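Data first, discussion second: the structure below is written as structure tokens.
Model, not experiment: these values are computed from the prediction.
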Amino acid sequence: MADLENSEFLGKEKISKLMLKFCIPCILSLLVSALYNIVDQIFIGNSELSTLGNAATGVVFPIFIIAQAFAWCFGDGSAAYINIHQGRGDTDKIHKCVGTGITITLISSIVLIAVFFPLKTQLLTLFGASENSIGMAVEYFNIILAFFPIYMLSNMINAVVRADGSPAWSMFSMLAGAVFNIILDPIFIFGCHFGMAGAAWATVIGQVVLFIISIIYLMRTKTFKLKLNSFIPDFHVFGEAFRFGLSSFITQMTIVIISLVCNMMLAKYGAMSHYGVDIPIAVIGIESKVFTVVINIVVGIVLGCQPIIGYNIGAQNFDRVKKLYRSILLCTVVVGLASTLLFELAPDAVVGMFGSPTNIPNPDDYWDFARKTFRVFLSLVTFTCAIKMSSIFFQAVGKSVFAVTTSIVRDIICFIPLIIILPKFFAIEGILFAAPAADFIAAIVTTILTVVFFKQLLSPKNTTN
């Protein structure tokens, strides 16, 4: 009964007030999460490691995403399970879902270490490391990989914390970890001259701080209580949560596939151009980190609303769900348009934060490719944001098929074929045109799915799938 009383306000409180309470902390926490990757690259780019150092972190980034795919799958799935079952008034098995998710996340992290460590050189080369950057990439990766269990558990638990109605705690934990990272980066890189290892140690220490704060929260949860037997895997209970979180896994893994194919194409056509291999890889690495900041704002908005969406779907308050969607979409479009203006009008200022190139033959080529990347590759970032927002919204309402479809249409069905075909006609610039073309097609599909969903919404039996 106490569980229901703790969550009933999600179906009664004014929507704008709920969004402010849940979205702002979630946005801030995810922005802080983006800092874990972006801060390293800023300090590295402004150090003697410069462009090659940024290229090295760029090829490690997809490995981060693989770990995040598993953690977000189990975390977001558990979060959706929590909120939908709260709306239905069925909370007895929530503790088993969360405990099973934590156990599976830990096991997955150990498996990833066992697979990645012996294959690290091959993996990093596959993701675009050149003979100039592979040494730096391996040095950075070795330290990051050792702390995968802490990184993945922190990400998984953070989603549960938000779903439990404590977005402020989620924000605080992420902020604390990022502060340690930001403080230690210049100390280790510039003061101690630890190079890539210094950047990696600053990152993992920040992750340890986040992990400790997340574990503390599990001892004071609001709507469920973990017991020792909660951590014994119950796959029957967790099966529903896994289905809810599957779209998060697919979305993150498509990012990995995109990074792999994109870096392979950049290496191939970069070598055939006057840019060379390292400039395109380094610039796309920066673009990925900047794009992560933009997309995390949008993800923060919709994930912040996930407890509200899930509860009201479970309680069949369909009018509130419609109002929520309209409000989330409006915020998403505003973020997308503001980002587009920044990238079109001031790409040099954005790229300049990551330092000036000092260890490549022709710096002018670096700036030329950077401007093209931000102005062309991200020209329809508003569409990208709306597609990502819709995918998470569908996940929150239990429409896993719709959620997966919006992701794979943009990334797998459209972007990957285009990034392979267009360079045959437009050389390396064709890679940059692939993104807006994929965004345009996927936006049409997403719009159709959204219309279909809201037509079905009045039928209670169609609220989950």
Practice task
With the side chain counted from C-beta on, respond yes when V350 and L342 share a heavy-atom pair under 4.5 Å apart, and no when they do not.
Solution key: yes

Problem - L228, CG atom: more than 12 neighbouring heavy atoms under 6.0 Å - result: no

Handout entry: F188, CZ atom: more than 12 neighbouring heavy atoms under 6.0 Å
Key = yes

Exercise for the section: Any chance you could lay out the side chain to side chain contact (heavy atoms under 4.5 Å, CB included) test for L324 and S327, step after step, and finish with the verdict? Expected result: CA-CA 5 Å; L324 267 170; S327 299; 5.7 Å; no

Completion exercise
Correct closest heavy-atom pair for V381 and S339 would be CG1-CB, 4.2 Å

Practice task
State, yes or no, whether a side-chain contact exists between I94 and Y81 at a heavy-atom distance under 4.5 Å.
Solution key: yes

Exercise for the section: Step through the shown structure and confirm whether more than 12 heavy atoms of other residues, nucleotides or ligands are within 6.0 Å of CZ on F190. Expected result: yes

Problem - Interatomic distance, N296 atom CG to I301 atom CD1 [nearest 0.5 angstrom] - result: 11.0 Å

Problem - Closest non-hydrogen atom pair, I295 against T384 - result: CD1-O, 4.3 Å

Exercise for the section: Could you pull out all residues at least two apart from R375 that satisfy salt bridge (charged side-chain N to carboxylate O under 4.0 Å, His left out)? Expected result: none

Problem - Counterpart residues, side-chain contact (heavy atoms from CB on, under 4.5 Å), relative to V204 (two or more places apart) - result: I143, I144, F147, W201, Q207

Problem - Between OG1 on residue T447 and CZ on residue F383, distance to nearest 0.5 Å - result: 8.0 Å

Problem - Set of ring pair (Phe, Tyr, Trp, His ring centres under 6.0 Å) partners for F141, sequence neighbours left out - result: none

Practice task
Using a 4.5 Å cut-off on heavy atoms from C-beta on, say whether the side chain of S390 contacts that of Y325.
Solution key: yes

Problem - Donor-acceptor contact present, side-chain T100 to main-chain D234, <3.5 Å - result: yes

Exercise for the section: Answer yes or no: is there a side-chain heavy-atom contact under 4.5 Å between M174 and I213? Expected result: no

Exercise for the section: Taking the side chain as every heavy atom from C-beta outward, state whether N158 and L210 have any pair of such atoms under 4.5 Å apart. Expected result: yes

Handout entry: Residues, nucleotides or ligands: over 12 heavy atoms within 6.0 Å of F116 CZ
Key = yes

Exercise for the section: Kindly indicate, with the supporting measurements, whether the criterion side chain to side chain contact (heavy atoms under 4.5 Å, CB included) is fulfilled by I232 and K96. Expected result: CA-CA 8 Å; I232 300 173; K96 289 296 293 183; 4.2 Å; yes

Practice task
Please step through side chain to side chain contact (heavy atoms under 4.5 Å, CB included) for the pair M196 and V60, ending with a clear verdict.
Solution key: CA-CA 12 Å; M196 297 298 294; V60 174; over 6 Å; no

Practice task
Indicate yes or no for a side-chain donor-acceptor contact from S391 to the backbone of A403 under 3.5 Å, with no hydrogens or angles considered.
Solution key: yes

Completion exercise
Of all heavy-atom pairs linking L112 and A67, the shortest is CD1-CA, 4.1 Å

Problem - Distance, nearest 0.5 Å, that separates OH of Y151 from CZ of F211 - result: 14.5 Å

Practice task
Grab the two heavy atoms, one from F238 and one from S78, that are nearest each other, plus how far apart they are.
Solution key: CE1-OG, 3.6 Å

Handout entry: Distance, nearest 0.5 Å, that separates CG of L145 from CD1 of I63
Key = 9.0 Å

Exercise for the section: Decide side chain to side chain contact (heavy atoms under 4.5 Å, CB included) for F74 and F242; before the verdict, give the C-alpha distance in whole Å, the side-chain angles of both, and the deciding distance to 0.1 Å. Expected result: CA-CA 6 Å; F74 305 142; F242 179 78; 4.1 Å; yes

Exercise for the section: List for me each residue that meets side-chain contact (heavy atoms from CB on, under 4.5 Å) alongside S166, sequence neighbours excluded, and say none if there are none. Expected result: V161, W169, Y217, K222

Practice task
Check whether any side-chain N or O of T446 sits under 3.5 Å from a backbone N or O of T406 as a donor-acceptor pair, and report yes or no.
Solution key: no

Exercise for the section: Supply the atom-to-atom distance K399 NZ to T450 OG1, rounded to the nearest 0.5 angstrom. Expected result: 12.0 Å

Handout entry: Residue pair N181 / I205, side-chain heavy-atom distance below 4.5 Å
Key = no

Fill in the blank from the handout: CE of M265 to CD1 of I416, rounded to nearest 0.5 Å, is 10.5 Å

Problem - Donor-acceptor contact below 3.5 Å, side chain T103 vs main chain F231 - result: yes

Handout entry: Residue pair D411 / I257, side-chain heavy-atom distance below 4.5 Å
Key = no

Problem - Smallest separation among heavy atoms of A442 and I387, with atom names - result: CB-CD1, 3.5 Å

Problem - salt bridge (charged side-chain N to carboxylate O under 4.0 Å, His left out) partners for K227, two or more places apart - result: none

Problem - Closest contact, heavy atoms only, F402 versus V452 - result: CZ-CG1, 4.0 Å

Practice task
May I ask you to decide if F377's main-chain N or O and K372's side chain share a donor-acceptor pair within less than 3.5 Å?
Solution key: no

Practice task
Evaluate the side-chain proximity of L266 to I431: yes if any heavy-atom separation is below 4.5 Å, no if none is.
Solution key: yes

Handout entry: Counterpart residues, salt bridge (charged side-chain N to carboxylate O under 4.0 Å, His left out), relative to D439 (two or more places apart)
Key = R410

